[in-house]
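Just so it is clear, the structure is predicted and the values come from calculations on it, not from any experiment. Note that these values count all heavy atoms, side chains included, but never hydrogens, waters or copies made by symmetry. A note on names: the letters A, B, ... follow the listed sequences, proteins ahead of strands, and every chain is numbered from 1.
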Protein chains: 2
Amino acid sequence: MKGMHNAPALDMVFAALADPTRRAILSMLLEDDMAVTDVAEPFEMSLAAISKHLVILGRAGLITQERRGRVTWCKLEPDALRDASIWMQSFGQFEAVNLDAFERFLKTELPDEG
Amino acid sequence: MKGMHNAPALDMVFAALADPTRRAILSMLLEDDMAVTDVAEPFEMSLAAISKHLVILGRAGLITQERRGRVTWCKLEPDALRDASIWMQSFGQFEAVNLDAFERFLKTELPDEG
DNA sequence: GCAAAACTCAACCAAACGGTTGAATATACC
DNA sequence: GGTATATTCAACCGTTTGGTTGAGTTTTGC
């Protein structure tokens, strides 16, 4: 179902991105997977607050969490960003972009993927 | 100041995009500039509610409003989306995208612009 | 000048958000 | 088994969000 942009999903993705703490978390996870405690470390707020932020990021599909032992590992899931990014590209200077050509462009530009 | 992504601005853009009514309004404005009353027409909510949505879109920089007579015209401002879009491209499969090459790609793909 | 049109403002409301603290739950380690 | 670690749960709190309604403001047209 290419090109079908699920509205509730977009709601959740954009809402998740609207918070600077959550965007910072995503940036951190870009480097590497992290435990919840380590994610929380640089922030001046409680671990519980970070835990809630991670739930919101998880429900938006932007991260996944995998529990291994007593540690919950957080992993970036960039695919969720993709739908939102493509939705945005339907505007403005991106208006008339041929998405298939866009995909081909990405494939040629990216080193490892696909 | 290329590449400087203003955090509060991103907050407002993403928050504005997190609502389906507001995304629908943006899609409508993609077609043409519209009066507030005409923007409100297809929605099953009060004009005042739509007026508030337009304020939120305006504060995010996604639209501008120009009053001509008693009619307030709403106009899409896609530049605000651009920063957010570029922020998103720093993730996932867009990570390694050469933005200059991306711009060149857009120029070749778009019929009228630049 | 007066009524209709096109909004916006103000007050209100329920629900969601973003944070807190303290208790609960697993798991790991000695 | 008991204690420390990692994380979530639950209750609470003030603020924001997304809607309502009704009144106010400006402009247009007869």
Side-chain angles (χ1 to χ4, degrees), chain A residues 7-29 32-77 84, chain B residues 7-29 32-76 80 84:
Chain A
L10 276 183
D11 286 5
M12 288 195 294
V13 171
F14 284 129
L17 295 178
D19 184 275
T21 300
R22 288 192 293 263
R23 287 200 306 278
I25 291 173
L26 292 178
S27 290
M28 291 163 59
L29 292 177
D32 208 350
D33 299 357
M34 295 178 81
V36 174
T37 304
D38 294 332
V39 169
E41 199 271 330
F43 297 99
E44 286 181 344
M45 72 181 68
S46 69
L47 188 61
I50 296 294
S51 181
K52 282 190 186 183
H53 280 305
L54 292 171
V55 167
I56 291 170
L57 289 170
R59 278 200 301 238
L62 291 164
I63 66 165
T64 49
Q65 289 181 284
E66 186 196 351
R67 181 147 188 175
R68 223 145 51 218
R70 61 183 163 177
V71 174
T72 301
W73 292 92
C74 307
K75 177 175 165 36
L76 189 64
E77 292 292 341
Chain B
L10 275 184
D11 286 5
M12 287 195 293
V13 171
F14 284 129
L17 295 178
D19 184 274
T21 300
R22 288 194 291 266
R23 287 199 307 277
I25 290 173
L26 292 178
S27 289
M28 291 163 60
L29 292 177
D32 207 351
D33 298 359
M34 294 177 82
V36 174
T37 304
D38 294 332
V39 168
E41 199 271 331
F43 297 100
E44 287 181 344
M45 72 181 68
S46 69
L47 187 62
I50 296 294
S51 180
K52 282 190 186 178
H53 280 304
L54 292 171
V55 167
I56 291 170
L57 289 169
R59 278 202 299 240
L62 291 165
I63 66 165
T64 50
Q65 290 181 283
E66 185 196 352
R67 181 149 189 176
R68 226 145 48 219
R70 61 182 163 178
V71 174
T72 301
W73 293 93
C74 307
K75 178 175 164 37
L76 190 66

### Query
Is the side chain of A:Arg67 donor-acceptor paired with the backbone N or O of A:Gly69 at a distance under 3.5 Å, no angle test?
yes
### N/O donor-acceptor pair under 3.5 Å between B:Arg22 side chain and B:Leu17 backbone
no
### N or O in side chain of B:Ser51 less than 4.0 angstrom from C:dC7 OP1/OP2
no
### Query
Under 4.0 Å between a side-chain N or O of A:Gln65 and OP1 or OP2 of D:dT8?
yes
Nearest heavy atoms of [X] and [Y], plus distance in Å:
X	Y	result
A:Asp38	A:Met28	O-CE, 4.0 Å
B:Ala16	B:Leu62	CB-CD1, 3.8 Å
A:Ala18	A:Arg23	C-NH1, 3.7 Å
A:Val39	A:Leu54	CG1-CD2, 4.4 Å

Out of [options], whichever nucleotide has its closest atom nearest the side chain of [X]:
X	options	result
B:Arg70	C:dA28, C:dT21, C:dA5	C:dA5
A:Thr21	C:dG19, C:dA6, C:dT21	C:dG19
A:Val36	D:dT20, D:dT8, C:dA6	D:dT8
A:Val71	D:dT7, D:dT20, D:dT28	D:dT7

### Query
Hey, mind stepping through B:Thr72 and B:Gln65 against side chain to side chain donor-acceptor pair (under 3.5 Å) and telling me if it holds?
CA-CA 6 Å; B:Thr72 301; B:Gln65 290 181 283; 5.5 Å; no
Between atom [atom1] in [X] and atom [atom2] in [N], what is the gap in whole Å?
X	N	atom1	atom2	result
B:Trp73	D:dT27	CH2	P	17 Å
A:Leu54	C:dG18	CG	C1'	14 Å
B:Ile50	C:dT8	CD1	P	11 Å
A:Glu41	D:dA6	CD	C1'	15 Å
B:Ile63	C:dC7	CD1	P	12 Å

### Message
Counting the atoms with a prime plus P, OP1 and OP2 as sugar-phosphate, which does A:Thr72 contact under 4.0 Å by heavy atoms, base, sugar-phosphate, or nothing?
### Response
sugar-phosphate
### Query
Hey, which of these two, A:Arg68 or B:Leu47, hits DNA chain C nearer its 5' end, going by closest nucleotide?
B:Leu47
Could you go through nucleotides 16-18 of chain D and list every protein N or O atom that sits under 3.5 Å from one of its N or O atoms, giving the distance for each pair?
| from | atom 1 | to | atom 2 | distance (Å) |
| --- | --- | --- | --- | --- |
| D:dG18 | OP1 | B:Arg22 | NH2 | 3.4 |
| D:dG18 | OP2 | B:Arg22 | NH1 | 3.0 |
| D:dG18 | OP2 | B:Arg22 | NH2 | 3.4 |

